[in-house]
Amino acid sequence: MRNVIAALVAVAAVGVVVWFGWSSLSARTTTQEAGPGAPDVLAAFVDAFNAGDNQAMTDLVHPDDRVGLDGLLDATTTMRAELDLTDVELILREVDEGEARATASTTVSVTLGNLPGPTATEDGGSTPTADATAGRGEDVGSLAWTASLRAIERRSGWFVQADRSSLHPNLTGTTAFVRREVDTPRASILAADGTPVTVHGDLETLGIEPGQVRNEAVLRERWAEVLPQSVDLLDEALSRDDLVPTWFYPVVSLPSAEVEAAWSRLRTLPSVIRTAADDPGATATTTTAQHVLGSVGAPGEGALAEELGVAPDAVVGLSGLERVFEDRLVGSETVRVALETAEGVLVEELGEAQVDPSSPVTTSLDAEVQAAVEASLQGIEDPVAVVAVRTDGGIAATASRPLAGYNRAWEGKYPPGDMFMPVTAATLVRSGRNLDTPTECPGEASRSGAVARSPRPLAGTVPLREALAAGCDTSLAILGADLAPDALVDMAGEFGWETAPMLPLAAATPTFPTPGDIAETVRAAIGQARVETTPLHLATVGAELLSGNRLTPWLVGDDAVDPQRIPIDTSGLVDVTRAAAVDGSGATISTRDVGIIVGTAPVTGADTVHSWALMLVDDIGIAVLVEDTGGDLDLVRRIGRRVESELAARGPAATPPTPEPSATDATPATTPTPGATDGPSPSSTSSPATPTANPTAAGAPAADDAAVRIPADAGSRPTSPHPSRASPRARP
């Protein structure tokens, strides 16, 4: 019996133990199921981190893991200080939950404070400030990267496991966040279609070692085939009189891909050397419109460095658009954040911030037209200028030679001479003449002491249109003597004389003072006396003839101005300009509807005579100037032919616009003879622009061309050239 009782007691004891064990397990399971899961715990930790609630974070971390939490908090404090942060935020993304473990992908978002950059001042200017991001958008200075946060299930529930790697997977005791100001990438200057015409960054340089040049002609020929737009830079390097045979002379810097393509064809020439661009600010240009695009380099000691607030060895725009738009092309300084080792070895770049981002400057330049103009000037070292202006006033191309000289295309002032004929013709039409008005074209005409000469006189009386096509300055002198001085002044004003260009770079103002007497009126009527223009302005006159509008030339879109109608129908002037190139020479102008007049411009009171060409090609006016030719028109003809030929080779001709009659004052006082137009276009000396296999072939003899020489007491000369640009750098 006792044994039975003892057995029953033992069974009961076991039952009690089992019951208590089951109850305890059941209670624990019930509590665990009722507690927060991994996603909730991780979300709560992220909220506590973002709120800076250290106690709440501590409560969500198991005591065994709180050393790691201390590391996270210390690393966060250090990161805030080292990166100068105004905000740090964890963003919870996805939670991947497994058995007793969970991992959440997160985004670490930080906001940099005290970014360098300008902010508005009371006077409308700008000044650097520590609060440069104020009012510039919430995203300025915001950086983000991916990290992760872990959680683990213990007996009492889910707990977060956090340490310094929660800020970045590669953040350890031997790595740290660093903030540095770095070189800001310079944006490019663009052509009208968005094509970069300057390139900065990873460039390589091609140059020459003079002592290795075996055959200069072969070197130049090969270079012209491979890099035609920099052949003038090669010529400039070769023409130096201080060349050291064993030194390297850089010619052009280009992006590595372009250098690689050129190198495959130049590497067989021992004189050509390829090297990394040793100037961190080297600029690659796809055009040689250097006087306009400008240059980049170190300002050195002096006013420019002080003005820009930069070190003497900083890389800044030194001239041209690179200088004018320095702030836009570079913007404010760039701050970069990275993770590095204690030795300064880069582990990962995390991002960069810039208050005022660098942005490109878009110009009106047409890459194809610019290339055509530059190709037409290859091998020419004379002082010349070529400018092309579209019918919307945009400058399509511009070039001045020599490259070491000043920007004569915009800043040089010259008498227009024979190129003033469109203005005088328009004035005559507005004063009552028309293209069929009978006129004489003698070899010489004198009015009130002013003498004009035409080397190809016409017998008897001829319609004004024929006299203009033949380049009869004497006809304009005879008719111009009867014009009121104010009539010429007013019409010149309609074509832009006495109007200062609104451009970002220096450009001279074309001048037309009111003639003081009949003699000066006659001289002014043939573009002499005190009348002056620039190649840029004359190209604009050509575009005005095509469009029938008064234009304001512009280079950067911000400066574009709506055109205004010229108070006379210019279509007749365009017709005569086109006829001049045919009638005056007996030759057609390829298959394109092209007009070109060529003539001379004597400087009043001096022996200097310049040569001009005014071309109307498609929808652009083109002016070509060659300085101090003594009346020889051979070179200006050659350049004109080259330009037309190069343009024809670069694509089909566009349909040239036909000017609409002006709504104001378009009808001359005298009813025109049937078939006549409202305005003739003069051609003092006509010349075809026929493309030939050899574009350098000479034109007609200069002796056949008009050279008007009228004495006057007022002289007119081009402005003095600017100092030459720095010589190419040389290093042993």
Side-chain angles (χ1 to χ4, degrees), residues 198-291 293-300 312-313 315 318-319 371 374-384 399-406 696 721-732:
T198 65
V199 180
H200 304 271
D202 295 331
L203 307 177
E204 292 186 63
T205 297
L206 289 172
I208 58 169
E209 184 178 333
Q212 294 294 323
V213 177
R214 310 282 176 79
N215 187 316
E216 189 171 308
V218 171
L219 168 62
R220 189 186 186 283
E221 181 180 0
R222 182 80 60 82
W223 195 289
E225 292 174 354
V226 178
L227 297 169
Q229 293 173 356
S230 65
V231 71
D232 288 319
L233 300 175
L234 174 67
D235 290 341
E236 184 180 353
L238 290 171
S239 65
R240 290 181 52 159
D241 56 8
D242 60 346
L243 294 174
V244 178
T246 58
W247 281 14
F248 169 77
Y249 292 82
V251 174
V252 64
S253 294
L254 296 169
S256 297
E258 294 184 35
V259 171
E260 181 65 35
W263 182 244
S264 64
R265 299 180 62 188
L266 294 175
R267 65 190 308 165
T268 58
L269 300 175
S271 59
V272 179
I273 297 176
R274 173 185 181 181
T275 182
D278 58 355
D279 181 352
T283 302
T285 62
T286 55
T287 80
T288 53
Q290 293 180 344
H291 297 94
L293 298 178
S295 61
V296 173
D313 59 350
V315 177
L318 299 178
S319 62
E374 290 165 0
S376 71
L377 297 180
Q378 285 187 20
I380 295 176
E381 300 179 0
D382 301 73
V384 302
S400 295
R401 295 294 186 275
L403 290 174
Y406 76 114
T696 62
H722 291 177
S724 298
R725 68 183 179 91
S727 299
R729 291 167 290 112
R731 59 179 174 81

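Quick note: numbers below take in every heavy atom, side chains included, and nothing from hydrogens, waters or symmetry partners. Every value quoted in this text rests on a predicted model; they were computed, and no experiment measured them.
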Does any non-hydrogen side-chain atom of Y249 lie less than 4.5 Å from one of V244? yes

Does S295 use its side chain to pair, donor to acceptor, with the backbone of L318 at less than 3.5 Å? no

Measure across L238 and L243 and return the closest heavy-atom pair with its distance rounded to 0.1 Å. O-CD1, 3.6 Å

Could you grab the distance from atom CG of L269 to atom CG of N215, nearest 0.5 Å is fine? 9.5 Å

What closest approach, in Å, do E236 and A404 show between heavy atoms, and which atom pair accounts for it? OE2-CB, 4.3 Å

Taking side chain to side chain donor-acceptor pair (under 3.5 Å) as the definition, give me every residue that meets it alongside S264, ordered by chain and number, with sequence neighbours left out. none

By side chain to side chain donor-acceptor pair (under 3.5 Å), which residues pair with R274, not counting sequence neighbours? E204, E260

Could you grab the distance from atom CG of L227 to atom CG of L266, nearest 0.5 Å is fine? 6.0 Å

Are the side chain of H291 and the backbone N or O of L403 linked by a donor-acceptor pair below 3.5 Å? yes

Considering all heavy atoms of both residues, which atom of S376 and which atom of I380 are nearest to each other, and what is their separation? O-CD1, 3.7 Å

Please find the pair of heavy atoms, one from A298 and one from P312, that lie closest to each other, and give the distance. CB-O, 3.5 Å

Which residues share a side-chain contact (heavy atoms from CB on, under 4.5 Å) with D313, sequence neighbours left out: A311

How far apart are the closest heavy atoms of T205 and P250, and which atoms are they? CG2-CB, 3.6 Å

Please say whether more than 12 non-hydrogen atoms of neighbouring residues, nucleotides or ligands are located less than 6.0 Å from CD in E381. no

If the condition is side chain to side chain donor-acceptor pair (under 3.5 Å), which residues does S271 pass it with, not counting sequence neighbours? none

Who passes side-chain contact (heavy atoms from CB on, under 4.5 Å) against A224, sequence neighbours left out? V231, Q378

Taking the side chain from Y406 and the backbone from S400, do they hold a donor-acceptor pair closer than 3.5 Å? no

By salt bridge (Lys or Arg N to Asp or Glu O under 4.0 Å), E225 pairs with (sequence neighbours left out) R265

Can you name the residues that form a side-chain contact (heavy atoms from CB on, under 4.5 Å) with I273, not counting sequence neighbours? E209, F248

Is there side-chain contact between V251 and L206, with heavy atoms separated by less than 4.5 Å? no

With side chains defined as the heavy atoms from C-beta onward, is the minimum distance between R222 and V272 less than 4.5 Å? no

